[in-house]
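Nothing here was measured: the structure is a model prediction, and the numbers come from that model. Letters A, B, ... are given to chains in the order of the sequence lines, protein chains preceding strands, and every chain is numbered from 1. The figures here come from the full heavy-atom set of this structure, side chains too, leaving out hydrogens, waters and symmetry mates.
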Amino acid sequence: MMELVCPAGTPAALRAAVEAGAHAIYCGFADETNARNFPGLNFSREELAEGVAHAHARGAKVLVAINTFPRAGDQALWHSAVADAEAAGADAVILADIGLLAHAAEKHPNLRLHLSVQAAAANPDAINLYAESFGVRRVVLPRVLTVDEIAAINREIDVETEVFVFGGLCVMAEGRCALSSYATGKSPNMNGVCSPASHVAYAEVNGAQEARLGDFLIHRTPKGAVAPYPTLCKGCFTSPDAKGEVQTGHIFEDPASLDATRLIPALQKAGVTALKIEGRQRSRAYVAQVVRAFRAAVEAADRGQPMPEGLLAKLTEGQAATTGAYAKTWR
Amino acid sequence: MDLTVGSNAFFWTAETVRDFYDALATTPVSRVVIGEWVCSKRLPFWQDEIPGAVEALLAGGKEVAVTSLALITLKRERKQTDDLVAMGLPVEVNDLSALRHIPEGTPFWVGPMVNVYNEGTVNWLARRGATRICLPPELPLPAIATLAKAGAEAGVAVEVWAHGRAPLAISGRCYHARLTDRAKDSCQFVCGDDPDGRDVDTLDGHAFLTVNGVQTLGRAVTTVARQINALREAGVAALRLSPHVGDFVAVAEAYAARLAAPDGSGPDLVAELRRLMPGAEFCDGFVRGDVGSSFSGAAA
């Protein structure tokens, strides 16, 4: 059966995910060493050790994401995060930075290394480079690949692959995007945040709701309509072509989230080891519901049965869902 | 501190490419990176210009490197990386996977699309053969200083993104194609209509971003004109200038003149740039550790 890797932003979410059938939980420390560095989220050292014990007692694994890029002159914070994750009994750490991978491979030879999606290893050469140089055992694939490309990659590598199947969708190669810091000064790579809430401002202007990120208007929605969060790459903009004809719309991506449920059998056939659910910032109830649905789906796929329909309709309600780059037409 | 001209990000005609590098061969820049780093589909249209351009640049006394793509996914793109190595020039790695095609011990450069954020990464790349690294555009001055020092100790020259719209993101999806309701595979090379990229504005009419095929850049033109002395003190080896349409030779000469007059006795570089790039907005927020699109200079 494919392994189901589920998010936990809090110890309560970790317990909920384990109870709902997660095979593995991923989480991070409450600091800038992880790419979901949001206020009120993530784990202290003690909470991680307790979470690992709880998960292990019930047959689930815990993976610790230390997937931002260590700040020059300040690498010790990231180094200690790796050491503390190993001490807490983590089953693997999920890293993106070359320097940190080299450090972990040298100082923590028994710690299993996963390559974060933030490293954006998008072809067999990149994956084999990380495997040979640092002993990486699993790679989380960036969301720029089709199912066929994933199958082709798996034929050329000896490490496991993990892919995102549900939740937020990056449209840019992950870990290679500075849109957020261009608009707000805070970036995923350096600060573990994208389009941070601290830089969002809402206002009512001429009967419409405007959502800004920093100085830039990202959405304008009619009063009373559901206003999506102003994530930069899901914003509505205008663009004139060379002849001056102006297009208005979601130039990069609609405010859609990823749902690749129906592709699970194809991903299994493509040789994917693990399916990942995005959303460490989500509530315990959300996590439990999604994990339960996906556990049923991977069990069905394992038996060769069709994917259960409409399991997650409620969770994507009011928001479009897409299979993203897994279908070639998306590009 | 000297000047490097980075690889051109945009889809230019073969004739434009030829004229550009011919003119560049006589400018006061020390080195030039040439090649396609955004989209492999463009390369057949202008790759025949590369050997002549390399020859002209070498004859002009420039160091020359060839760039890899910034996002390598297709088999033929991986094969192309082998062809780059076979050219016998240093390869500028802009996708880490290109390293698999460079034999151990062969010196190479690292471009701004590789995530080099700390000393550990500089040291690993140096051990692997890197001799020159252009840092990612979003790094602030304190990080630049730390990495320039680490680079100097490891035998690596450290460059910063000094002029030109900053590359902010790269995607599997082509936004130029999407804007014309096409998919990437049937793009009809529409990015060639916009030789400096296509403007993206906010709904209230503010200049924001630039799309260039699968790449997204800032709209404002980055310039470190106000930080040149600080970068020199930090031990930065070179400033990287990124090609744009217009009188790029004059832009390169303006930077060279500024480097030659460290006391600021020459003409004001920002004023020169405003004159040379009319209508352009400028920014230097990244190097100041501020909002990337912000600028320390007065508005035009």
Side-chain angles (χ1 to χ4, degrees), chain A residues 69-73 75 96-100 102-103 119-126 128-129 133 142-145 149 152 171-173 175-179 181-185 187 189-190 214-218 220 233 236-242 247-248 251-253 325 328-331, chain B residues 71-73 78 81 95-101 113 115 117-125 136-139 142-143 146-147 150 166 168-175 177-180 183-185 193-194 198-204 206 208-209 211 216 218 285-286 289-293:
Chain A
F69 292 79
R71 189 168 45 247
Q75 298 177 106
D97 178 65
I98 296 172
L100 192 58
H103 169 87
N123 67 46
D125 293 329
N128 286 328
L129 180 82
S133 303
R143 284 161 276 193
V144 298
L145 299 164
E149 286 169 351
V171 298
M172 307 301 182
R176 309 183 72 184
C177 182
L179 288 174
S181 48
Y182 187 71
T184 71
S187 80
N189 285 4
M190 296 199 297
D215 289 339
F216 299 103
L217 179 60
I218 305 296
R220 183 184 277 154
C233 60
C236 186
F237 305 110
T238 69
S239 176
D241 70 10
Q247 295 251 17
T248 299
I251 284 169
F252 302 102
E253 176 60 299
K328 202 173 181 185
T329 48
W330 180 85
R331 289 173 174 170
Chain B
L71 180 62
I72 299 172
T73 55
R78 292 161 65 198
T81 314
D95 177 317
L96 204 63
S97 72
L99 272 187
R100 285 270 297 179
H101 300 263
M113 296 302 293
N115 283 331
Y117 282 89
N118 51 63
E119 311 89 301
T121 300
V122 168
N123 290 334
W124 188 85
L125 288 166
E138 75 167 354
L139 280 174
T146 301
L147 298 180
L168 300 177
I170 189 107
S171 176
R173 173 180 261 183
C174 175
Y175 302 110
R178 180 171 156 88
L179 272 162
T180 46
K184 187 178 169 189
D185 286 351
D193 292 347
D194 300 302
R198 181 166 170 171
D199 294 349
V200 174
D201 300 325
T202 60
L203 289 179
D204 56 354
H206 285 101
F208 187 18
L209 300 168
V211 296
T216 305
F286 283 142
D290 196 351
V291 173
S293 60

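- Side chain of B:R78 to backbone of B:T73: no donor-acceptor contact under 3.5 angstrom is found.
- Taking chain B as the reference chain and counting heavy-atom pairs below 4.5 Å, the highest number among A:R71, A:Q75, A:Q247 is found for A:Q75.
- Options B:D201, B:T180, B:L209 differ in how many heavy-atom pairs under 4.5 Å they form with chain A, and the most are formed by B:D201.
- When B:D194, B:T216, B:D290 are compared by the number of non-hydrogen pairs under 4.5 Å with chain A, B:T216 comes out ahead.
- Contacts of B:A177 with chain A are absent, with no heavy-atom separation under 4.5 Å from either backbone or side chain.
- Contact count against chain B (heavy-atom pairs under 4.5 Å) is highest for A:A183 among A:A102, A:A96, A:A183.
- Listed by chain and number, the residues in a side-chain hydrogen bond (donor to acceptor under 3.5 Å, both in side chains) with B:T202 are B:D204 (sequence neighbours excluded).
- Of the listed residues (A:S133, A:S181, A:A242, A:G175), the greatest number of heavy-atom pairs within a distance under 4.5 Å of chain B belongs to A:S181.
- In terms of non-hydrogen atom pairs under 4.5 Å with chain B, the most contact-rich of A:A119, A:P124, A:A120 is A:P124.
- Qualifying ring pair (Phe, Tyr, Trp, His ring centres under 6.0 Å) partners for B:F208, counting only residues two or more places apart in sequence or in other chains: A:F216, A:F237.
- Counting heavy-atom pairs under 4.5 Å between each of A:L145, A:N189, A:T184 and chain B puts A:N189 at the top.
- Taking chain A as the reference chain and counting heavy-atom pairs below 4.5 Å, the highest number among B:E119, B:K184, B:H101 is found for B:E119.
- Distance check, rounded to the nearest 0.5 Å: OG1 of B:T81 to CZ of B:R100 gives 12.0 Å.
- With a 4.5 Å cut-off on non-hydrogen atoms, B:V122 does not touch chain A at all.
- Per-residue heavy-atom pair counts under 4.5 Å with chain A were compared for B:L96, B:I72, B:N115, B:L139, and the maximum is reached by B:N115.
- Looking at A:D215, there are no atoms closer than 4.5 Å to chain B (heavy atoms on both sides), in backbone or side chain.
- With a 4.5 Å cut-off on non-hydrogen atoms, B:S293 touches chain A through its backbone and its side chain both.
- Among the candidates B:C174, B:G285, B:A169, the residue making the largest number of heavy-atom pairs closer than 4.5 Å to chain A is B:A169.
- Closest of all the heavy-atom pairs between B:R178 and A:F252 is NE-O, 3.5 Å.
- Distance alone, capped at 3.5 Å, is enough to place a donor-acceptor pair between the B:S171 side chain and the A:V171 backbone.
- Expressed to the nearest 0.5 Å, how far CG of B:L99 lies from CG of B:L125 amounts to 7.0 Å.
- Between A:D97 and B:T121, the side chains place a donor N or O and an acceptor N or O closer than 3.5 Å (distance only, hydrogens not considered).
- Within the 3.5 Å criterion, the main-chain N or O of A:P70 finds a donor-acceptor partner in the side chain of B:N118.
- If you tally non-hydrogen atom pairs under 4.5 Å between each of A:T248, A:L100, A:N128 and chain B, the highest count goes to A:N128.
- Of all the listed residues (B:V200, B:T146, B:D193), the one sharing the greatest number of non-hydrogen pairs under 4.5 Å with chain A is B:V200.
- B:E138 and B:Y117 form a side-chain donor-acceptor contact under 3.5 Å, judged by distance and modelled atom types alone.
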